[in-house]
Amino acid sequence: MTQRYCLTCLSLALALSCARAPKPRAPQPAPATSPRAAENAPRSVSHQPSSPQLARLLPLPQRVEAAAGERFTFTPQTTIVAGENQPLVMNVAAQLVAFLRRATGVVPPVVAGPEPAPPANVIALTIDANASTSEEGYDLTIASGRVTVRARTPAGLFYAVQTIRQLLPDSAEYTALMFREPPVVTLPAVHIVDAPRYAWRGTMLDVARHFFSVDEVKHYIDLIALYKINRLHLHLADDQGWRIEIKSWPELARRGGASEVGGGPGGYYTQEQYADLVQYAASHFVTIVPEIDMPGHTNALLSSYADLNCNGTAPATYTGTEVGFSALCVDLDVTYKFIDDIVREIAALTPGPYFHAGGDEVKTLTPDQYRRFVERVQTIVQSHGKQMVGWDEVSVATLLETSIVQHWRPDASKQLLAGSPHLLLSPADRAYLDMKYDDSTLLGLNWAGNVSLQKAYDWDPEALVPGARAGAVVGVEAPVWSETLTNMRDVEFMAFPRLPAVAEIGWTPQAQRSWNTFKERVAAQAPRWTALGINFYRTPDIQWRESNPQ
Ligand code: NGO
């Protein structure tokens, strides 16, 4: 049953107003362009959208054509029509219902089947195997009485829904406001054709240095999905803690999980909890990439099992922040039995195609020992049906064509990187979200320098590794290391606004991105972040908006 709630407008800190349907705008004449300018113009994107709603889309879609017709107005009769009754599509429809309910006070019904003819007021979500959009792309048309989304995959529909979400009032993000006077909510007439630049648009959460609970990780997934991020790399083991239950080596979680930086209690995910996280991520079209860092960064596991140590003695647990002192005993057979067991158990719980084996900052092995170790681990990972991802040190080894090198050290050899089969880009001086914004930032580190919002935004992944193989760059990832971050408020502070900057690098074609338009669009996110309760950093270089015109 649909219900409407009627209360007077509250004057809230969010500076919300009782929105009324704005008068339709007169169509804007197209600016005159010379044939030469048109030739050089990036693929027809409207940088001056005629509606303020369109001016806040982030990441910027590939093509936005504001249309002259009437806006779409939500009514109590608005119905969501899903072309197919398949679970992934219904899941996308259900998420759209949740946003619309908060935006309009009405719960639109979802029906499966063909699109009803006008004048029915409909939002149609259609999977079309022949759609001209790419795998994760979508085609969204908003017109009077009808919103049509076409995509080849449910992921494409999901990204279109995130775009629609960004066009809805910011207040729709704040659950309690659903009981205000029902506003008239409208969407601008527009045609958007969109697709991501890269397949990998990621972020990493270090749950090893400080543990983050299942609910905290789910909260992070909620936030990243809004910006069309599709990979969450979980750094599950480091010197200070082991964070996932392994049935064949139970002390890993029991002992290795009971510590963290600063001496706190730590924690770990049971296999059921991890599987639940994987499932939650999947419902937001996010693939979990599990990382067990090795052969270095292994004190937590070495302290759990004496047999894994070259001298047969387990070291004490470690709660400091030094790096580079620990290493697996690469000449012991049991080391490879151990690796095989953990990769097998984690791979079985992880439907995504990746297993991240770390490989960074090993200071106690010879170059030859290190190379042989990486090559052997790569084979184990492959034997369990996964592609290996490794930090950029692994580029000294002979890598399989499927392996992915994650570039992080600003001074890593560009020549070695250029030979990598696949490159995932997380240069620390641009994409590390644990770096301080500026000298006043209390949280974070600064070994790679301060990373201002502009620094995080203003770079081209294709220019980073000269001579890289064509198509080698799979995408970008923004890691959040947690030596100094103890809770989600800290993570939010470091990730917002820089994570949306990296999200746009991963999504929007280079020629269409510019710091100046990003500045405007990121400023317009502030009211939404306030409604969501995100503890974001109001970087002084942005004129943050307190409210957005609807
Ligand atoms: C480095 C190091 C991590 C630190 C991080 C802090 C990599 C790949 N290894 O990045 O252990 O936590 O810097 O910024």
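One-based numbering, in listed order, for ligands and for the atoms of each.
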Task: Heavy-atom nearest neighbour in the protein, as seen from atom 1 (C) of ligand 1, with distance rounded to 0.1 Å - done: Trp408 CZ3, 3.3 Å
Open item on the list: Considering non-hydrogen atoms of the protein only, which is the closest contact for atom 6 (C) of ligand 1, and what is the distance?
Closed with: Asp434 OD2, 3.2 Å
Open item on the list: I'd like to know if the side chain of Glu504 pairs up with that of Tyr457 as donor and acceptor (distance under 3.5 Å, no hydrogens or angles considered).
Closed with: yes
- [ ] Quick one: sort the Tyr336 and Phe373 rings into parallel, tilted or perpendicular, breaks at 30° and 60°.
- [x] tilted
- [ ] For the pair Trp408 and Tyr432, name the ring-plane relationship: parallel under 30°, tilted 30 to 60°, perpendicular over 60°.
- [x] parallel
Task: Heteroatom proximity flag, Tyr432 to ligand 1, N/O under 3.5 Å - done: yes
TODO: Please report which non-hydrogen protein atom sits nearest to atom 9 (N) of ligand 1, along with the residue it belongs to and the distance in Å to one decimal place.
DONE: Asp360 OD2, 2.7 Å
- [ ] Just say parallel, tilted or perpendicular for the rings of His235 and Trp481, cut-offs at 30° and 60°.
- [x] perpendicular
Open item on the list: Does the residue His297 have a heavy-atom contact with ligand 1, meaning some pair of atoms that are separated by less than 4.0 Å?
Closed with: yes
Task: Sub-4.0 Å atoms of ligand 1 with respect to non-hydrogen atoms of Met435 - done: 14 (O)
Task: Option with minimal heavy-atom separation from atom 11 (O) of ligand 1, where the choices are Arg209, Glu483, Gln406 - done: Arg209
Open item on the list: As a quick check of understanding, evaluate side chain to side chain donor-acceptor pair (under 3.5 Å) for Thr350 and Tyr274, giving each step before the final call.
Closed with: CA-CA 9 Å; Thr350 311; Tyr274 176 80; 2.9 Å; yes
- [ ] Take the angle between the ring planes of Trp391 and His356 and call it parallel below 30°, perpendicular above 60°, tilted in between.
- [x] tilted
Task: Identity and distance of the protein heavy atom lying nearest atom 2 (C) of ligand 1 - done: Glu361 OE1, 3.1 Å
- [ ] Answer yes or no: does an N/O atom from Asp238 fall short of 3.5 Å to an N/O atom of ligand 1?
- [x] no
Open item on the list: For Leu445, which part has a heavy atom under 4.0 Å from ligand 1: side chain, backbone, both, or neither?
Closed with: side chain
TODO: Check the pair Tyr268, Leu236 against side-chain contact (heavy atoms from CB on, under 4.5 Å), reporting the backbone distance first and the verdict last.
DONE: CA-CA 9 Å; Tyr268 66 90; Leu236 290 166; over 6 Å; no
